[in-house]
Amino acid sequence: MKEDLQLLLQRALQSLEGSLLGQPVDPHWITLERTRDPAHGDFASNIAMRLAKGAGKPPCVLAEAIIAALPTSPFLTRAEVAGAGFINFFLAKDLYAREVARVHDEGAGYGRGRPPPPRKVLLEFVSANPTGPMHVGHGRQAAFGDALGNLLAAAGDQVSREYYINDAGRQTEILAVSVWLRYLEVCGETLQFPENGYRGDYLRPVAQSLHAREGTTLRHAATIVFADLPTDAPAGDKDKYIDAVIARCRALIGETAWQRLLQTSIAAMLDEIRNDLDGYGVHFDNWVSERAFTDSGAIDRALQRLRERDLLYVKDGATWFKATQFGDDEDRVVVRENGVKTYFASDIAYHLDKRERDFDVLIDVLGADHHGYVTRVRGGLRAFGHPGDCLEAPLIQLVALFRNGVKMSMGKREANFVTLRQLREEVGNDACRIFYLMRSNDQSLDFDLELAKSKTNENPVFYIQYAHARVASVMKELAGRGFAYDGAQARQIMLAQGATLLAGAQAEAMLAALSRYPEVILQAAAQRAPHALVNYLRELATTLHAFYNAERILVADDALRSARLYALLAVQQVLRNGLAILGASAPESM
RNA sequence: GCGCCCGUAGCUCAGUUGGAUAGAGCAUCAGGCUUCGAACCUGAGGGUCGGGAGUUCGAAUCUCUCCGGGCGCGCCA
């Protein structure tokens, strides 16, 4: 709808280029917005004001000239100058009726953009370390990433979702040793659990099955395990301590058993994460193992290429990347003094690999605490000649859970933290998803458990879903009252008489909101802002509820009834499409 | 100290290529169900857009500065 008008405006401006404006106008400059006030028409443009300075003419004069130059169109009833130089456009009501028919015609595909050629987007999100179950913070990242992926796809991009499994490195070793210690407990040993170990109860079942599989072959007396170790926190250094425990474990059980322990521990955690995501309705196209990636030699090759470009140097026994050449605060270590490559080294190679898989846009959905990392990774990409802005990193601010107004403490190493699974079981997937998405991602989120379960207007989940269910309910009522509904017939009625049958403030507001959907999709996608879609769906639901309260739907007049049902079903379709993008269900009844 | 995010109605928040009288929900107050779902609707009150300066026809939006809150600043990931 907007595109049609945009074209008219563009043609008018082209015809004035030679005379009044004196220069061509970049079509990108032509702004066209929905009006807030119906008195200002359907759309408004401030183009005359924007061109005034360059053309050396008053905005009003330009605006008049632009209006005069507009091609005649059956859909544009009039255009007028208003305010300081706005051009207000009044569209024929038929246009809205046509849009309703379009919603029906395109169904689930309504609102999908088709910009050629589609960009290839690699969307990486969650990528939670396989060291424990997903927590409520991951839940927000998962909801955001998944909805963003849907949004981008709806806007016409080609999206691939990827999960990077951090199955290499020290954290996984801490995981393995934590499992082993729990296993020793299962065997009957009593021990003091390290401060820096993963202490959650979720490792106990893993230890149980380890015991079931391996028997007591990995068992060693606690007195031997903990003999002659440095002091643990709080008196000592918890990092040094856990490293010593890891070394002791490897020495006692042997390298083969250690690798097996490592693998099974990671696999168990990964299973849990996959199950969580599956139950949450979040699916990935690709799971990339850091370990496999490392073993492929990709990191060494990337480092070698950096070395050839003279972007690495050795200092204090470590190898550094000249990140400062790419805007970072300081140079960064890629190979530690002990010869072990850093996580950053693998991330340089991984992001390079993403680009070499031909993705135009890389999106990393990150927790806000990783913001300092972005410049570094971008620097890595630039070192290989890729533009820095090909990497975007929407940051997801923290989530705080509240129960009865009291903030709940969290922390992954602590024994008790709220998992995503617990949250989903308590409030349900839909509420969970939409609650996570209703705030901007760079706003920290207070997740009120009671509110998410409540059935009030403050809970947008119910409000939007109720609108959808309400339409379904009317359709069910239809037959009971002896009425029939014929979609093809309703379509004809809408196209022929929709403008008059759906007159009235509430109906017009509803249809105006309905027709905005494709614009909302494009803008929300461009801004990477799923919350804008939540807000829109809430508005659309409001117009539906208002219409419903103002007008009786199941009236005796066949044409009127058909037109109203046809419009309601179109709104229902858009609600369904929008909810699908958010990853929430659209129930027929509640 | 440096970097990023945030500061808008009593509360939680929208408002992003600078636009017309700054919006929504909750809360408060006043109304609406013998007929399609009242988990709804209609109306009212409520604002130094953190403070100040600047850019310009025009600033919640852009720039600078100050204040307040959050998060980062590792040869961890």
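In what follows, chains carry the letters A, B, and so on, assigned in the order in which the sequence lines appear, proteins first and then strands, with residues in each chain numbered from 1. If you're wondering where the values come from, they're calculated on a predicted model, not measured in any experiment.
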Query - Pair A:Q523-A:E519, side-chain donor/acceptor within less than 3.5 Å - result: no
**Report entry** Separation of B:U17 P from A:N46 CG (nearest whole Å)
**Finding:** 10 Å
Query raised in the report: In whole Å, what is the span from the CD1 atom of A:I266 to the C1' atom of B:A77?
Result: 13 Å
Report summary line: Separation of B:C26 atom C1' from A:F435 atom CZ, nearest Å, is 11 Å
Query raised in the report: Checking all strands, does A:E337 fall into the base, sugar-phosphate, or nothing category for heavy-atom contacts under 4.0 angstrom?
Result: base
Query raised in the report: Do A:N88 and B:A20 share a donor-acceptor pair, side chain to base, under 3.5 Å?
Result: yes
Requested in this report: State the pairing partner of B:C62; accept Watson-Crick or G-U wobble contacts with both distances under 3.5 Å, and report none otherwise.
Outcome: B:G54
**Report entry** Out of B:C36, B:C75, B:C41, whichever nucleotide has its closest atom nearest the side chain of A:R552
**Finding:** B:C36
Report task. Check every strand shown and say whether A:E551 touches a base, only sugar-phosphate, or nothing at a heavy-atom separation below 4.0 Å. Result -> base
Query raised in the report: Picking from B:G37, B:C4, B:A24, which would you name as closest to the side chain of A:L395?
Result: B:C4
**Report entry** Nearest-nucleotide pick for A:E330, side chain only, options being B:C73, B:G37, B:C71
**Finding:** B:C73
Report summary line: Closest to the side chain of A:D37, out of B:C75, B:A39, B:U21, is B:U21
Query raised in the report: Would you call A:F86 stacked on B:A20, i.e. ring centres under 5.5 Å apart with the planes less than 30° off parallel?
Result: yes
Query - Residue A:R481, side-chain heavy atoms: nucleotide from B:G7, B:U35, B:G37 that is nearest - result: B:U35
Report task. With heavy atoms under 4.0 Å as the rule, sort A:A467 into base, sugar-phosphate or nothing. Result -> nothing
Report summary line: With the side chain defined as heavy atoms from C-beta on, A:Y466 is closest, among B:A77, B:C40, B:G25, to B:C40
Query raised in the report: Looking for any heavy atom pair under 4.0 Å, which part of the strands does A:R36 touch: base, sugar-phosphate only, or nothing?
Result: sugar-phosphate
Query raised in the report: When you measure from the centre of the six-membered ring of A:Y536, is the NZ or CZ of A:R516 under 6.0 Å away and within 45° of the axis?
Result: no
Query raised in the report: So what does A:A82 hit on the nucleic acid, given a heavy-atom distance under 4.0 Å: a base, only sugar-phosphate, or nothing?
Result: base
Query raised in the report: Just checking A:A318: base, sugar-phosphate only, or nothing, at a heavy-atom cut-off of under 4.0 Å?
Result: base
Report summary line: If pairing means Watson-Crick or G-U wobble with both distances under 3.5 Å, then the partner of B:U28 is B:A44
Query raised in the report: Do NZ/NE/NH1/NH2 and the carboxylate oxygens of A:R170 and A:D239 come within less than 4.0 Å?
Result: yes
Report task. Map A:R439 and A:W320 onto RNA chain B by nearest heavy atom, then report which one ends up closer to the 5' terminus. Result -> A:R439
Requested in this report: Give A:D329 one of three labels, base, sugar-phosphate or nothing, depending on what nucleic acid heavy atoms sit under 4.0 Å from its own.
Outcome: nothing
Query raised in the report: Going by 5.5 Å between centroids and 30° between planes, is there a stack of A:H531 over B:A14?
Result: no
Requested in this report: Describe the nucleic acid contact of A:S589 in one word from base, sugar-phosphate, nothing, applying a heavy-atom distance below 4.0 Å.
Outcome: base
Query raised in the report: Do the side chain of A:H371 and the base of B:G3 come within less than 3.5 angstrom through a donor-acceptor pair of N or O atoms?
Result: yes
Query raised in the report: Quick one: is the NZ or CZ of A:R78 closer than 6.0 Å to the six-membered ring centre of A:F90, and within 45° of its axis?
Result: yes
Query raised in the report: Among side-chain atoms of A:D430 and A:Q465, is any donor-acceptor pair under 3.5 angstrom?
Result: yes
Report task. Please figure out whether A:T31 or A:Y343 has its closest RNA chain B nucleotide nearer the 5' end. Result -> A:T31
Query raised in the report: Can a donor-acceptor pair be found between the side chains of A:Y373 and A:D364 at a distance below 3.5 Å?
Result: no
Query raised in the report: Which nucleotide, B:A20, B:C36, B:A77, lies nearest any side-chain atom of A:H370?
Result: B:A77
Report summary line: Across every strand shown, the nucleotide meeting Watson-Crick or G-U wobble geometry with B:C71 (both distances under 3.5 Å) is B:G3
Query raised in the report: A:Y373 OH to B:G74 P: how many Å, rounded?
Result: 13 Å
Report task. Report the distance from atom CD1 of A:I396 to atom CG of A:D369, rounding to the nearest 0.5 Å. Result -> 11.5 Å
Query raised in the report: Heavy atoms under 4.0 Å, any strand shown: does A:L398 hit a base, just sugar-phosphate, or nothing?
Result: sugar-phosphate
Query raised in the report: Which part of the nucleic acid does A:S473 contact within heavy-atom distance under 4.0 Å: base, sugar-phosphate only, or nothing?
Result: base
Report task. Remember a base hit wins even if backbone is also touched, and classify A:A550 as base, sugar-phosphate or nothing at under 4.0 Å, heavy atoms. Result -> nothing
